[in-house]
Amino acid sequence: MPQFPPVADQLALIRRGVEKIVPENELVPRLEQSYKTGTPLRIKYGIDPTGIDVHLGHTVPLRKIRQFQELGHQAVIIIGNYTALVGDPSGRDQTRARLTQAQVEENAKDYLKQVGKVVDLSRAEVVRNGDWFSSMSFLDILELCSKVTVAQLLTREDFAKRYAAEQAIFLHECLYPIMQAWDSVKIRADIELGGTEQLYSFMLARDLQREQGQPQQIGMMSPILVGLDGVRRMGKSLGNYIGINETPYDMMKKFMQIPDAVMRMYFELLTNRPLEEVNHLLAGHPKDAKIALAKDVIGEYHSATEATEAADRWQREISEKQTPEDIASASIARSELVNGALPAARLMVAAGLCATTSEARRTIAQGGACLGPNKDRIAAHDTQVTVETGLLLWAGKKRVVRIELAD
RNA sequence: GGGGGAAUUCCAGAGUGGUCAAAUGGACCAGACUGUAAAUCUGGCGGCUCAGCCUUCGCAGGUUCGAAUCCUGCUUCCCCCA
C-alpha cells in the first residue's frame, strides 16, 4: 500500500499558488480518504496540442501536477487530440481556428517532450481523448448533449459576452466543455487542474460524473500568470513570455525585466522556495530578489551552475555594461568599401543593425550609434568609418555586432 | 433575399478639396535618470543620393490647377431586417 505524507503536509504543498478550489470543503475529506485507504488520487490535466511552445505560464499547472506526483498521487495527462479539432472557446472573444489531425498528432509529440521537463512522464498516464470520442455514435453524442441546457452554457462568461455582443457562437464550440467534462468521466478524475477560466467545464464534469455514479472531481484553479509586461497573461502571441527551452542567459535577461510587482506571484507559482523566505527576499533590495527568482527558475530548467553563470554574466554585461561575450558577426563585402571606409549610415545598414538608411540616420542623429569597446559615439551619418574585421558597431545599448570583412 | 455602414501610415483612431507623410494615444526606437523594475523627461517613428525629392490613406478609373477627402465601378469586412 502506498504511503502518503500526512494530509496537513500535503495541503501545504497543494494549496500553494492555487487561486480557487471548488468545492473547497471536499478537498480535505478526499485527501484523508486517499491517505487512509492508500489510494492515490487521480489528477487530471488536459491540454489541446495546438502547437505550443511551452512557457512559464504553462508550467504553473504542470508544476502542480509534479507536486502531486511527489506526494504519491497519479497524474493523468489528457492530450486533447480530439478536442483540438474543435477549438477551446475558453476566454476567447473569437472563434478559434481548428487544426487538422496530422498537425495535432505532431504537436502532441512535441508538446509531451516539453512537458517531460516538468512532469515525471514515467509515472504519469498519458491518454488521448480521441480514444473514446472517435468511436462515439451520433446517438451517444445526443445522449451526452441531453445533459446540458443552453441556459447552462450561457452562464459561461465568455459565451455570455459573445452572445450579448451578438458575436458568433458556433455549435461545435458549445460541445467543447461537454467533451472536456466527459474526459473526466472516462479517466475517473479526482482532481482536475487548470486555469480559473475552466470553472464551467470543471463543474460540468462533476454533473456528468454524478450522472455516471462516480465520485465527483474537485477543481483546482491556478491564477493566470502575467507576462513580462506585468499586465497581460503570459502568451506567445503577446511576446511577453519566457520559454522553458530558452538559454539560461536569455531567461536571465527576461527575468530582470519583469516589473517588481509580479515577483511575489512568480515566486509562488514558479518556484518551491518557502514563502517565508520569499517574504524575506521581497523585503530586501528588489534587484537581489529578482536575481534569486531568476536563479530558482533557471536552475529548474537547466542547472544551478548555469543559473549562477547566467546571473554573473548579466551582472557584467548588462549591469556593468561590459562588452558582451557573444557578439554576432556581420559580414561586409570589401567591394562595398571606398578606400577601406563607409559613411556611418551605410555601415549601419550593411551591418544589419538598421533596416533602412533613414533609420540609421535617425539612430546616429540621436546618439545611438557607437564604435569599438569604448563605445565612441559616431557624430554624423556621413562620418567616414574605416571598416576592419573585428570592429565593434553598436546601435543603442543592446544591439552590437562585430564586423567581418569578406571578399 | 432586402436595407444600412465601414475600409487611413504597426495597432487603435482623427482627418470631408489645398496649410497632410497625415492630429492624438498605444506599441516600438534613441537619449537622460536607474536596480537595463516602475515612474518620469527629451527626441524619433514611409523611403531616398535628406534644408530637397519620391511613394503612401482597400483596388481601378474619373472630376479638378490641386483629392485621404468629390464621382463611378470593383473587392473585403461589419451591422440591421426577414
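Numbers restart at 1 for each chain; the letters A, B, ... are given by sequence-line order, proteins then strands.
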Note to self: Under a 3.5 Å cut-off for both contacts, is B/A68 paired Watson-Crick or G-U wobble with anything, and if yes, with which nucleotide?
What the structure shows: none
Next item on the list: Both distances under 3.5 Å, Watson-Crick or G-U wobble: report the partner of B/A39, or none.
Entry: none
Notebook entry, point to check: Does A/Q366 make a side-chain donor-acceptor contact with the base of B/G44, cut-off 3.5 Å?
Noted result: no
Next item on the list: Name the nucleic acid region contacted by A/K398, choosing base, sugar-phosphate or nothing; use a 4.0 angstrom heavy-atom cut-off, strictly under.
Entry: base
Check: So, are A/K290 and A/D260 salt-bridged, with charged N and O less than 4.0 Å apart?
Finding: yes
Check: A/A395 near the nucleic acid: base, sugar-phosphate alone, or nothing, with a heavy-atom cut-off under 4.0 Å?
Finding: sugar-phosphate
Checklist line | Nucleotide paired to B/U56 in any strand shown, Watson-Crick or G-U, under 3.5 Å | finding: none
Margin query: What's the closest nucleotide to the side chain of A/P259 if the choices are B/C33, B/G35, B/A37?
Written below: B/A37
Check: Would you say A/E276 has more than 12 foreign heavy atoms packed within less than 6.0 Å of its CD?
Finding: no
Notebook entry, point to check: Pick the nucleotide of RNA chain B nearest each of A/K321 and A/M256; which residue has the one closer to the 5' end?
Noted result: A/K321
Margin query: Between A/I258 and A/T363, which residue's closest nucleotide on RNA chain B lies nearer the 5′ terminus?
Written below: A/T363
Notebook entry, point to check: Does the pair A/D120/A/R123 count as a salt bridge with the N-to-O cut at 4.0 Å?
Noted result: yes
Notebook entry, point to check: For the side chain of A/D288 and the base of B/G35, is some donor closer than 3.5 Å to an acceptor across the two?
Noted result: no
Notebook entry, point to check: Partner of B/U76 by Watson-Crick or G-U wobble geometry, both contacts under 3.5 Å, or none?
Noted result: B/A6
Check: Considering every strand shown, what is the Watson-Crick or G-U wobble mate of B/G1 when both distances are under 3.5 Å?
Finding: B/C81
Next item on the list: Answer yes or no: is there an ion pair linking A/K117 with A/E300, defined by an N-O contact shorter than 4.0 Å?
Entry: no
Margin query: At less than 3.5 Å, do the side-chain atoms of A/S358 and the base atoms of B/C50 form a donor-acceptor pair?
Written below: yes
Next item on the list: Among B/G47, B/U49, B/G31, find the nucleotide with the atom closest to the side chain of A/R362.
Entry: B/G47
